Amino acid sequence: MVDTPHQIHLSEAEMPTAWYNVIPDLPSPPPPPLHPGTHEPVGPDDLAPLFPMGLIEQEVTGERYVDIPGEVLDVYRLWRPSPLFRAHRLERELGTPARIYYKYEGVSPAGSHKPNTSVPQAYYNHAEGITKLTTETGAGQWGSALAFATAQYGMECEVWQVAASYRQKPHRRTMMELWGATVHSSPSELTEYGRSLLAENPDHTGSLGIAISEAVAMAVADPNTRYALGSVLNHVLLHQTIIGEEALLQLAKVGETPDVLVGCTGGGSNFGGLAFPFLREKLAGKMSPVIRCVEPAACPSLTKGEYRYDFGDTAGMTPLMKMHTLGHGFIPEPIHAGGLRYHGMSPLVSHVYESGLAEAIAIGQRECFAGALTFARTEGIVPAPEPTHAIAAAIREALACKESGEEKVILTALCGHGHLDLASYESYLSGAMVDYDLPQGTIDAAMADVPVLT
Ligand SMILES: *Cc1c(COP(=O)(O)O)cnc(C)c1O
């Protein structure tokens, strides 16, 4: 047995100073996004009303490494490098010979990995004179991360929060407001699309896809405003690779390489951020971890969705992206992991999966919360509902090692804490939490609206 400490730290001086772009190392590049009208590949000019050039360049870059600007590193240092923990107590509780490591991103101001990208996104917009960012938020994690980031650069921030979560998560809204953001319930009266949905149903509970449509519509209407997306896009995954780059250095300090890497996938950003630097090492023949995505059984875009071009939003305003999708009109059941309730999967993660470089499994939420309880009672940290999926998968793997006697090294990301998600734990502890079946008919109905490209 390797005797590693509980916390494996990096000093500030050891923090990586470049993000890693996996695309040039893949056997083939991912298919390009297409214009929703012409179905031709989108160019920088098509994206300019939405994003600043600094981010558009990162979206399409062929460079393997992108230097992190000094002003971004300065903000990262508020919480980075983040700790890597060896889960000694969880291992003991499970009686497994496996060694479990988790990279903890809950130490950020917003409590998740999302500030790794909200900070550079605010920075590049600010550098080009943009004064305001709009966005959507489901669980409230991304909205609070962007509110924190815009506050660092003195920018305005306007957030469309999915109505169901706006009502159920007033504390997330307060967090966004205390960092200076304005928060609207979505659908809202502020956009034509929102008004049309409210006219049909004044109690509309909203969805991420709808909130994206609203935030995009508001951004394109104002030349000083741009839109920010918290997951899915290449530049977001690029920024998140700081997680995996740090984890590589930390594991090297204790002489370990992972045999299995698991991450929860909503839009794919914390997973890609952890996995891609390890995938680089794997493609270079330096290690050979199994890389596994874990998604909720109620929103299984990789394991049950189709790989084809679809919209990123419900109204069909975004470019068409080739991705695993359940259909842009798909509204998942109200599972507690709000950050995993997205109909599509990042085109880059989808492509990596199609290329056979990653596997995927889906797990129901009750097994996830059972795992989270075991984790909290041993390691102490209360996980956000999303990474309970990664924890449940790590526990499955560790228990398989107990059966087989294999001493595998398991690595995962604990991408956020659950201090503002205690209602979901209450639901689990009281026995009220249910698992949802996802009938094929529901998927087929949503897929019927996905455009057919000729
Ligand atoms: C947003 C969020 C997710 C899902 O997004 P990914 O892009 O798949 O990482 C997962 N976990 C937490 C804590 C989140 O805030």
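Atoms within a ligand are numbered from 1 in the order they appear, just like the ligands themselves. This is a predicted model, so every value here is computed, not measured.
With a 4.0 Å heavy-atom cut-off, ligand 1 is reached by the side chain of Lys114 but not by its N, CA, C or O. Contacts with ligand 1 closer than 4.0 Å are made by backbone heavy atoms (N, CA, C, O) of Thr265 only, the side chain lying farther away.
Ring centroids of Phe375 and Tyr102 are separated by less than 6.0 Å, placing the two rings close together.
Between the side chain of Lys114 and the backbone N or O of Leu146, no donor-acceptor pair lies under 3.5 Å.
Remark: ligand 1 atoms within the under-4.0 Å shell around heavy atoms of Gln141 are 13 (C), 15 (O). The ligand atoms of ligand 1 that sit less than 4.0 angstrom from a heavy atom of Gly266 are 8 (O). Of all atoms in ligand 1, numbered sequentially from 1 with element shown, those under 4.0 Å from a heavy atom of Cys415 are 10 (C), 11 (N), 12 (C), 13 (C).
Within a 6.0 Å sphere centred on CD of Glu14, heavy atoms belonging to other residues, nucleotides or ligands number more than 12.
The shortest N or O to N or O distance between Gly268 and ligand 1 is below 3.5 Å. Ligand 1 has an N or O atom lying under 3.5 Å from an N or O atom of Gly267, backbone or side chain.
Ion pairing between a basic and an acidic side chain is recognised when a charged N comes within 4.0 Å of a carboxylate O; Arg341 and Glu386 show no such pairing.
The closest side-chain donor-acceptor pair between Lys169 and Gln161, if any, does not fall under 3.5 angstrom. In the model, Glu93 has no side-chain atom that pairs as donor or acceptor with a side-chain atom of Thr378 under 3.5 Å.
The protein non-hydrogen atom at the shortest distance from atom 4 (C) of ligand 1 is Gly339 O, 3.3 Å. Among protein heavy atoms, atom 7 (O) of ligand 1 sits closest to Ser231 OG, 2.5 Å. For atom 10 (C) of ligand 1, the nearest protein heavy atom (residue, atom name, distance) is Glu386 CB, 3.4 Å.
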task: Under the salt bridge (Lys or Arg N to Asp or Glu O under 4.0 Å) rule, what do Lys304 and Glu295 come out as? Steps first, then yes or no, please.
output: CA-CA 10 Å; Lys304 294 225 175 129; Glu295 57 187 14; over 6 Å; no
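Partner of Arg292 under the side-chain contact (heavy atoms from CB on, under 4.5 Å) criterion, out of Leu261, Thr412, Val262: Val262 alone.
Taking a 4.0 Å cut-off on heavy atoms, His113 registers as neighbouring ligand 1.
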